[in-house]
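To start, the structure itself, in structure tokens.
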Amino acid sequence: MTLDRRTFDRKTCFRAFFRISSVLALFVGVRPLFAADDLASVLAKLDVASVKFKSAQADIEWDNVQVAPIEDRDKQAGTVLFQRKDGQLSMALHLKTDNGKPIQKDMVYAGGLFKLYEPLIKQMQVFKAGSNRAQADAVMTIGFGGSGKDLQKSWQVSYAGTEQVDGKAAAKLELVPKDENAKNTFPKVLLWVDTENGIALKQQRFDTSGNYAVVSYHNIRVNAPVPSNAFEIKTAAGTQVVNH
């Protein structure tokens, strides 16, 4: 696909996000889910929880599993931060290790811009969402304090029961993108949600080849203070900025 530097290349950005963070939905709640026996109940609880949600921070670990064209597996870890302010959600991911080896990569999504900074090669890539911002927001912000109504705007949502995640009860949801371009990149997402806090305990994303990533979160801080510069990336001198 030829990149248009003035607009957001959804497939390129979605794949980058899937590979780096597979981000993306979050966090461990403090109270168990009770009697969420159908989809309507879960979505209603998310509507209530979203009113209280302001931010979430955590350590993040994910396992990327490739089944085609050859089998491969790698694990990455870092920290992640989400903030919902004035109806807009921003995300910052800081990668610290790849398969146990130190590495630095910073990714920020805010104001319709997706930025990926790699200090090792002194390069920062910038993608503009443009007219496709709604689709970009839907991908970047799954399970981050959004309401049930918000979830249904961009996803076909199915209820798959209640399961235990790290000793906590969670509603399991299956999400299929309504946007055809997103569906062609990753046809399905599984989300384990603590509806009391409006956030997810675990997420599993699949691509069209059957490859997937499983994400888990630790040391969760819900609605903790967020630094004023949390969604800014400080680059080293000589960094090349590549606009898509």
Side-chain angles (χ1 to χ4, degrees), residues 8 13-14 16-18 20-31 45-62 76-96 104-117 124-130 132-155 170 175 189 191-203 205 215-235:
F8 177 77
C13 187
F14 293 160
F17 184 76
F18 178 87
I20 297 168
S21 71
S22 185
V23 168
L24 307 178
L26 39 151
F27 301 138
V28 177
V30 297
R31 292 179 291 175
K45 285 178 176 288
L46 289 177
D47 288 338
V48 174
S50 67
V51 177
K52 303 176 183 179
F53 182 86
K54 296 180 180 179
S55 67
Q57 304 174 49
D59 298 329
I60 181 172
E61 295 181 349
W62 62 89
Q76 300 168 328
T79 60
V80 68
L81 166 65
F82 295 85
Q83 177 178 255
R84 186 176 293 278
K85 186 176 182 180
D86 299 327
Q88 302 296 320
L89 193 139
S90 302
M91 181 274 299
L93 172 68
H94 304 288
L95 179 65
K96 296 182 178 180
Q104 181 184 348
K105 289 184 181 180
D106 300 300
M107 182 172 64
V108 167
Y109 180 74
L113 290 179
F114 173 89
K115 299 179 180 180
L116 171 61
Y117 175 48
M124 182 165 72
Q125 299 188 60
V126 181
F127 299 84
K128 294 181 180 179
N132 299 309
R133 183 169 175 176
Q135 288 81 10
D137 287 351
V139 173
M140 300 298 177
T141 60
I142 303 172
F144 305 127
S147 67
K149 294 183 180 66
D150 290 337
L151 198 64
Q152 288 184 302
K153 288 179 182 178
S154 301
W155 307 88
L175 311 179
V189 177
L191 195 62
W192 288 260
V193 184
D194 179 345
T195 56
E196 297 299 329
N197 284 320
I199 52 181
L201 304 171
K202 185 172 72 171
Q203 178 187 142
R205 295 188 182 208
V215 186
S216 60
Y217 304 84
H218 311 281
N219 301 320
I220 312 307
R221 287 87 67 199
V222 178
N223 292 338
V226 176
S228 60
N229 62 347
F231 305 104
E232 300 174 3
I233 296 179
K234 185 176 181 180
T235 61

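Because only heavy atoms are used, hydrogens play no part in the values below, and waters and symmetry mates are left out as well, while side chains stay in.
With rounding to the nearest 0.5 angstrom, the OG atom of Ser90 is 9.0 Å from the OH atom of Tyr109. Between the CZ atom in Arg84 and the CG atom in Asp150 there is a gap of 6.0 Å [rounded to 0.5 Å]. Lys85 NZ to Lys54 NZ: the interatomic distance, rounded to the nearest 0.5 Å, is 11.0 Å. If you take CD1 on Ile60 and CG on Asn219, they are separated by 12.5 Å, rounding to the nearest 0.5 Å. The CH2 atom of Trp62 lies 5.0 Å from the CG atom of Leu95; values are rounded to the nearest 0.5 Å.
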*Please step through side-chain contact (heavy atoms from CB on, under 4.5 Å) for the pair Val108 and Tyr117, ending with a clear verdict.*
CA-CA 9 Å; Val108 167; Tyr117 175 48; over 6 Å; no
*Test side-chain contact (heavy atoms from CB on, under 4.5 Å) applied to Val215 and Glu61, step by step*: CA-CA 6 Å; Val215 186; Glu61 295 181 349; over 6 Å; no
*Could you walk me through whether Leu175 and Leu151 pass the side-chain contact (heavy atoms from CB on, under 4.5 Å) check?*
CA-CA 9 Å; Leu175 311 179; Leu151 198 64; 4.2 Å; yes
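Residues Leu81 and Phe231 have side chains in contact (heavy-atom distance under 4.5 Å, counting atoms from C-beta outward). Residues Met124 and Leu116 fail the side-chain proximity criterion, which asks for heavy atoms closer than 4.5 Å. The closest side-chain heavy-atom distance from Met107 to Phe114 is below 4.5 Å. By the 4.5 Å heavy-atom criterion applied to side chains, Lys149 and Asp47 are counted as neighbours.
Nearest heavy atom pair, residue His218 against residue Arg221, reads O-NH1, 4.3 Å. Smallest separation of non-hydrogen atoms from Gln57 and Pro225: NE2-O, 3.1 Å. When all heavy atoms are compared, the tightest approach of Ala230 to Ala92 is O-CB, 3.6 Å.
A donor-acceptor contact shorter than 3.5 Å is absent between the side chain of Asp59 and the backbone of Thr79. Side-chain atoms of Ser216 do not come within 3.5 Å of backbone N or O of Lys202 as any donor-acceptor pair.
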